[in-house]
Amino acid sequence: MSQFKVYVTDYNYNTFEPERQVFDEIGVEFILEQCKTEDEIIEKCQDADALLNQYGPISRRVIEALDNLKVVARYGIGFNTVDIDAATENGVVVSNVTDYCLDEVSDHTMALLLSSVRKITQMNNAVKAGNWDYKVSVPVYRMRSCTLGLVGFGNIPQTLTKKAQAFGVNVMAYDPFVPKEVADELNVTLVELDELYAQSDYISVHLPLNKQTEKLISHEAFRKMKSTAFIINTSRGGVIEEQALIQALQENELAGAGLDVLETEPIPDGHPFLNMDQVLLNPHSAFYSVEAEAELKRKSAQNVADVLQGYFPTYIVNQVVKERIDLIEK
């Protein structure tokens, strides 16, 4: 009989071989569930020692209802599905994987930016509709010497910086938590948000979703941006207030948007974005590659295995929980 039970709360993966390889080494019972609500998680994962979580809500109610719970491992970098305070208060480790999909998301961001600026999708659609005329894309402006403003300057935007600079793009960033020395090393200027909005020809959003960042980019922000600017979001949809973005696009306060994430996913039928040629939409896919998915799954499982074996995991969100639990460093 296995000593520990590890549940996957919800998933859209086709294979779990990377996790099984990790867990087979320590002999845990590995159980797959599809839970979309708090009640379903509590009911189906009642005896869980650990949860591997994709989108299901790991709320205070869930955490306090699972008496054996020791660790919640997020499949991803963000952790907005988990109540971090409740986890810490109950001695539950929350882990993520901060260094996976850096190339995937930065490449995807660059692809959305290039497609927006060069009007690639718009011209593709026109040609397929029988209109062979580049003028459908007018105006298109040269990228070289333009300015890309990064809202957030963590691992992904730092990776993106080098790729944008290869196109001759100047880069500035807003992130109060990043030392100036890190930005200087990458030839990036750290600025306040208002200056970034005003000076950027392109804006790329790289923020986690939390109480401080929810709907951070709203009407006031869009009014400060250039009317020729494009905004790209590959982080979390809730960071941008969609109604404000819709209004800015409708009133030509902004040239366009490339969005891999939305406030509500999947996008609802009849959403205004669906009829806007200047908006590129992707289904929250920037993270994906075959290699990135395998890496994420293996590292997420290893976070769980570490805790169950008495160690702090390599990737830990709630560092202060270390004061409340009896684990050791690896």
State, without any angle test, whether [X] and [Y] hold a side-chain donor-acceptor pair at a distance under 3.5 Å.
X: S235; Y: N233; value: yes
X: N303; Y: T314; value: no
X: Y13; Y: E19; value: no
X: N53; Y: T9; value: yes
X: K299; Y: Y100; value: no

Measure from the side-chain N and O atoms of [X] to the backbone N and O of [Y], and report whether any donor-acceptor pair falls under 3.5 Å.
X: S115; Y: I120; answer: no
X: T37; Y: E40; answer: yes
X: E265; Y: H284; answer: no
X: Q165; Y: V171; answer: no
X: R60; Y: E64; answer: no

Should [X] and [Y] count as side-chain neighbours, where that means a heavy-atom distance under 4.5 Å?
X: T159; Y: M110; result: no
X: Y7; Y: I41; result: no
X: I231; Y: F222; result: yes
X: V321; Y: V92; result: no
X: F79; Y: V72; result: no
X: Q247; Y: H219; result: yes
X: V182; Y: V188; result: no
X: L262; Y: H271; result: no

More than 12 heavy atoms of other residues, nucleotides or ligands under 6.0 Å from [atom1] of [X]: yes or no?
X: N14; atom1: CG; result: no
X: E25; atom1: CD; result: no
X: R118; atom1: CZ; result: no
X: E192; atom1: CD; result: no
X: K36; atom1: NZ; result: yes
X: D184; atom1: CG; result: yes

For this session: Give the C-alpha distance, both sets of side-chain angles, the deciding distance and a yes or no for side chain to side chain contact (heavy atoms under 4.5 Å, CB included) between V93 and K70.
Result: CA-CA 6 Å; V93 174; K70 301 169 182 63; over 6 Å; no
Problem set entry | R20 with D24: basic N within carboxylate O range, under 4.0 Å | no
For this session: Using a strict 4.0 Å threshold on nitrogen-to-oxygen distance, state whether K322 and E329 make a salt bridge.
Result: yes
Problem set entry | Contacts of S116 that satisfy side-chain contact (heavy atoms from CB on, under 4.5 Å) - sequence neighbours left out |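 S116 satisfies side-chain contact (heavy atoms from CB on, under 4.5 Å) with F230, I232, L280 only.
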Problem set entry | Residues in side-chain contact (heavy atoms from CB on, under 4.5 Å) contact with E38, at least two apart in sequence or another chain | P57, S59, R61, V62
Taking atom [atom1] of [X] and atom [atom2] of [Y], what is their separation to the nearest 0.5 Å?
X: T109; Y: L114; atom1: OG1; atom2: CG; answer: 11.0 Å
X: E242; Y: L259; atom1: CD; atom2: CG; answer: 7.5 Å
X: L69; Y: L51; atom1: CG; atom2: CG; answer: 5.0 Å
X: D49; Y: F4; atom1: CG; atom2: CZ; answer: 6.0 Å
X: I31; Y: D47; atom1: CD1; atom2: CG; answer: 6.0 Å
X: E89; Y: I84; atom1: CD; atom2: CD1; answer: 11.5 Å

Exercise. How would you list, by chain and number, every residue that makes a salt bridge (Lys or Arg N to Asp or Glu O under 4.0 Å) with E220, sequence neighbours excluded?
Worked result: K224
Residue pair [X] / [Y]: nearest heavy atoms and the distance that separates them:
X: Q302; Y: K330; answer: NE2-NZ, 4.4 Å
X: D260; Y: A286; answer: OD2-N, 2.9 Å
X: F23; Y: A301; answer: CE2-O, 3.5 Å
X: A73; Y: S300; answer: CB-O, 3.7 Å
X: P157; Y: L150; answer: O-CD1, 3.7 Å
X: I156; Y: I77; answer: CD1-CD1, 3.7 Å

In this structure, would [X] and [Y] fall into the same cluster of hydrophobic residues linked by side-chain contacts under 4.5 Å?
X: L113; Y: F287; result: no
X: V105; Y: L160; result: no
X: L102; Y: V261; result: no
X: V304; Y: V28; result: yes

For this session: Going by the side chain to side chain donor-acceptor pair (under 3.5 Å) test, name the single residue among D99, D306, N96 that passes it with Y315.
Result: D99
For this session: Test side chain to side chain contact (heavy atoms under 4.5 Å, CB included) on E291 and D103 and set out the steps.
Result: CA-CA 11 Å; E291 296 86 351; D103 272 317; over 6 Å; no
Exercise. Passes side chain to side chain contact (heavy atoms under 4.5 Å, CB included), I217 versus L207? Steps please.
Worked result: CA-CA 11 Å; I217 302 175; L207 294 175; 5.7 Å; no
For this session: Evaluate the ring planes of F16 and Y11, with Trp represented by its six-membered ring, and classify them as parallel (under 30°), tilted (30 to 60°) or perpendicular (over 60°).
Result: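 Ring orientation, 0 to 90° scale: perpendicular.
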Scan the side chains in residues 195-206 for donor-acceptor partners under 3.5 Å anywhere in the protein, sequence neighbours excluded, and list what turns up.
residue	atom	partner	partner atom	Å
S200	OG	G149	N	3.4
S200	OG	L196	O	2.7
D201	OD1	K226	NZ	3.0
D201	OD2	T147	N	2.8
S204	OG	H206	NE2	2.7

For this session: Run through the side-chain heavy atoms of Ile, Leu, Val, Met, Phe, Trp and Tyr, join any pair under 4.5 Å, and report what else lands in Y311's cluster.
Result: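 Via sub-4.5 Å side-chain contacts, Y311 links to I328.
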Can you list, pair by pair, the side-chain donor-acceptor contacts under 3.5 Å of residues 124-145, counting residues two or more places apart and other chains?
residue	atom	partner	partner atom	Å
N125	ND2	T121	O	3.4
D133	OD1	K135	N	2.9
S137	OG	Y134	O	2.7

